[in-house]
Student: 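Sending over a structure as structure tokens; questions will come in a sec.
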Number of protein chains: 2
Amino acid sequence: MALEQDSGAGSLYRKVAADLREAITSGSFGDAGRLPAEGALAEQYGVSRGTVRQALALLRADGLVTSRRGTRRVVLGSARVQSFSELLSFTHWARSMGEEPGGRLESIVRRPADAAEREQLRLDPGAEVYAMLRLRTLSGTPVMVERTVYPPRVGELVAQLPPDAVSHTEPLREHGILFSDADHTIDVVGANADDARLLGCRRGSPLLREKRRTTDPTGTPVEWSQDRYLPGTVAFSIHNSLASSALSRHARESD
Amino acid sequence: MALEQDSGAGSLYRKVAADLREAITSGSFGDAGRLPAEGALAEQYGVSRGTVRQALALLRADGLVTSRRGTRRVVLGSARVQSFSELLSFTHWARSMGEEPGGRLESIVRRPADAAEREQLRLDPGAEVYAMLRLRTLSGTPVMVERTVYPPRVGELVAQLPPDAVSHTEPLREHGILFSDADHTIDVVGANADDARLLGCRRGSPLLREKRRTTDPTGTPVEWSQDRYLPGTVAFSIHNSLASSALSRHARESD
DNA sequence: GCGGCCAAGTTGGCCAGCCAACTTCCGTCG
DNA sequence: CGACGGAAGTTGGCTGGCCAACTTGGCCGC
């Protein structure tokens, strides 16, 4: 079995993981859902067993395979999204569903940060931030109101983007703003006047809210965002195990 | 530096991780939040660098430390809950907040499984299930309606529990029912008549819904549950990174 | 003083091997 | 025919080592 040269992201174990993920979702391993032994995989791929185990740990975290000492690993689910990038990027998520993402910038202003924003973004007193308000659409219909606060370093770049730019995370990545970690909080909140106007719902009607703080690899916050979704447009999905967890966002299924 | 003999869960790297987690949250490493080098930690604990790296991977997944090639690891946050057990067990979660969990069993019946239940629990046509309806309280006030469907093997055990049993997961664990993986879906739903009656809200008022399917280490489903929370009582919190993710549930903060 | 270059330090990644714990299966014995 | 026991297979865990990629800071030259 040969490795695709473009699969994975450089490191060997990621390539092996990507290849196994592909093999699993395409329905190989018809052997009652049993994976080959780690040693066998190592030989097939021409790598050490440790590398195979690194790859399998990724699949394990995504809930694709089980792992129990003494038995071969068992294939569980089959399809799970690339959780991290899809979770952060509305654009990426929408496209993976075959929907056409859109965005309408309502406003972006530079202003002094309030106490909560300073704490979230770890800014010094007196620091300023860029505050953005944006309506996001799927194939033309409004589904979400996004309120994002950026530290100046990032906000300056965002403010220079064209108002009709669909994706913000992609140009930011090209400017060296890397997203590495995110903390999310999900709850319900009533629509305020702005939400109601933009989303076309009544004031006070329930919205699914996701609050998110994202940091770069050094732990420096790069954005603090509050997204409010119309009910029925989105659901958040999490797989977690004794080992680790993976979060994803997907279209709400029909109950 | 010596390892606590009771910290961790058997394996060496878990002990190291537990010890480091303790050291981080207690505020050691005052050195501008810099962790010692992996090699130094390996020497301190008397283990190999690979074991230290396994331990640090756990902390990395929880968002406690960064990791960037070329630089020492940086301490990020300080406190994050033990996500898996707290997420699954209402009882465990409530107690960790200092609240007194309660449960009132409304009904538990054995009946034929419908198509959706058979698929979720991977049961054969004609199989039966145990369907449970339970109201859960925090310090006496109703906060959540729990609807759980068990396969017969598990349901028989649940049905024998006393109606006022606070925790179900703990006695199940003692009977050899192990929880290893869970898939969660979070969205908003309107209260139906039962929800409204039990929670004391109006019909149609929004509830935060968590659907959950839990499996044991072999991948066999052991429960399928639908929990509906009153708004404002709970929020779901997730940390995810390029490597992996950790989900937790917590009391909703004051906006 | 400033800029560039180089070396040391650090993490990412990979390998080969070893043993323990556990599961499964088969053959044997009662 | 069933129960028991042991061997083989498999994953969990740990070691020690090696090199590459990257960051940082200091030294040197200009």
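Scope of the values below: all heavy atoms of this structure, side chains included, with no hydrogens, waters or symmetry mates. So you know, we letter chains A, B, ... as the sequences are listed, proteins then strands, and number each from 1.
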Student: I'd like to check the side-chain contact (heavy atoms from CB on, under 4.5 Å) partners of Leu172(B); sequence neighbours left out, ordered by chain and number.
Tutor: Val154(B), Leu157(B), Val158(B), Ile177(B), Phe179(B)

Student: I'd like a list of close polar pairs between nucleotides 5-7 of chain C and the protein, N/O only, cut-off under 3.5 Å.
Tutor:
none

Student: What integer distance in Å separates Glu38(B):CD from dT15(D):C1'?
Tutor: 15 Å

Student: If only side-chain N and O atoms of Tyr13(A) are considered, is one of them under 4.0 Å from the OP1 or OP2 phosphate oxygen of dC14(C)?
Tutor: no

Student: Is there side-chain contact between Arg34(B) and Val74(B), with at least one heavy-atom pair below 4.5 Å?
Tutor: yes

Student: Applying salt bridge (Lys or Arg N to Asp or Glu O under 4.0 Å), can you list everything that pairs with Arg68(B), at least two apart in sequence or on another chain?
Tutor: none

Student: In whole angstroms, how far is the C1' atom of dC15(C) from the CZ atom of Arg53(A)?
Tutor: 14 Å

Student: Using a strict threshold of under 4.0 Å (side-chain N to carboxylate O), is an ion pair present between Asp181(B) and Arg60(A)?
Tutor: yes

Student: Considering residues at least two apart in sequence or located in another chain, which fulfil the side-chain contact (heavy atoms from CB on, under 4.5 Å) criterion with Ala159(A)?
Tutor: Ile108(A), Tyr130(A)

Student: So which protein nitrogen or oxygen atoms get under 3.5 Å of nucleotides 18-23 of chain C's nitrogens or oxygens?
Tutor:
unit_1  : atom_1 : unit_2   : atom_2 : d
dA21(C) : O4'    : Arg69(A) : NH1    : 3.4
dT23(C) : O3'    : Thr71(A) : OG1    : 3.4

Student: Tell me the interatomic distance from Arg72(B), atom CZ, to dT24(D), atom C1', rounded to whole angstroms.
Tutor: 12 Å

Student: Check the phosphate of dC14(D) against Ser48(B), side-chain N and O only, distance under 4.0 Å to OP1 or OP2. Yes or no?
Tutor: no

Student: If I take atom CG in residue Leu12(B) and atom C1' in nucleotide dC14(D), what distance separates them, rounded to the nearest angstrom?
Tutor: 8 Å

Student: Can you list every pair that meets salt bridge (Lys or Arg N to Asp or Glu O under 4.0 Å) and has a residue in residues 112-121 of chain B, with sequence neighbours left out?
Tutor: Arg111(B)-Glu117(B)

Student: Expressed as a whole number of angstroms, how long is the span from Leu41(B):CG to dT15(D):P?
Tutor: 14 Å

Student: Listed by chain and number, what are the salt bridge (Lys or Arg N to Asp or Glu O under 4.0 Å) partners of Glu156(B), not counting sequence neighbours?
Tutor: Arg110(B)

Student: Both Ala37(B) and Gly46(A) contact DNA chain C. Taking the nearest nucleotide for each, which residue is further toward the 5' end?
Tutor: Ala37(B)

Student: Can you name the side-chain contact (heavy atoms from CB on, under 4.5 Å) partners of Arg69(A), sequence neighbours left out?
Tutor: none

Student: Are Ile238(A) and Asp183(B) side-chain neighbours, meaning at least one heavy-atom pair lies under 4.5 Å?
Tutor: no

Student: With a cut-off of less than 4.0 Å, is there a side-chain N or O of Ser67(A) near OP1 or OP2 of dT11(D)?
Tutor: no

Student: Taking side-chain contact (heavy atoms from CB on, under 4.5 Å) as the definition, give me every residue that meets it alongside Thr148(B), ordered by chain and number, with sequence neighbours left out.
Tutor: Met132(B), Glu146(B), Tyr150(B), Glu223(B), Ser225(B)

Student: Output all residues satisfying side chain to side chain donor-acceptor pair (under 3.5 Å) with Arg213(A), sequence neighbours left out; order by chain, then residue number.
Tutor: none

Student: Produce the list of close N/O pairs, under 3.5 Å, pairing protein atoms with atoms of nucleotides 25-27 of chain D; give distances to one decimal.
Tutor:
none

Student: Could you check how far CZ of Arg60(B) sits from P of dT11(C), rounded to whole Å?
Tutor: 14 Å

Student: Using C1' atoms of five pairs at each end, report the bend of the helix from dG1(C)-dC30(D) to dG30(C)-dC1(D) rounded to 10 degrees.
Tutor: 0°

Student: Grab the CD-C1' distance between Glu43(A) and dA16(C) for me, whole Å please.
Tutor: 14 Å

Student: Return the value, rounded to whole Å, for the distance between atom CG of Leu56(B) and atom P of dT10(C).
Tutor: 14 Å

Student: Please determine whether a side-chain nitrogen of the Lys or Arg among Arg134(B) and Asp227(B) lies less than 4.0 Å from a carboxylate oxygen of the Asp or Glu.
Tutor: no

Student: Using a cut-off of strictly less than 4.0 Å, decide whether Arg73(A) has a side-chain nitrogen or oxygen near OP1 or OP2 of dG12(D).
Tutor: yes

Student: Just wondering, are more than 12 heavy atoms of other shown residues or ligands nearer than 6.0 Å to CD in Glu128(B)?
Tutor: yes

Student: Starting at NE2 of His184(A), measure out to NZ of Lys211(A) and round the result to the nearest 0.5 Å.
Tutor: 13.5 Å

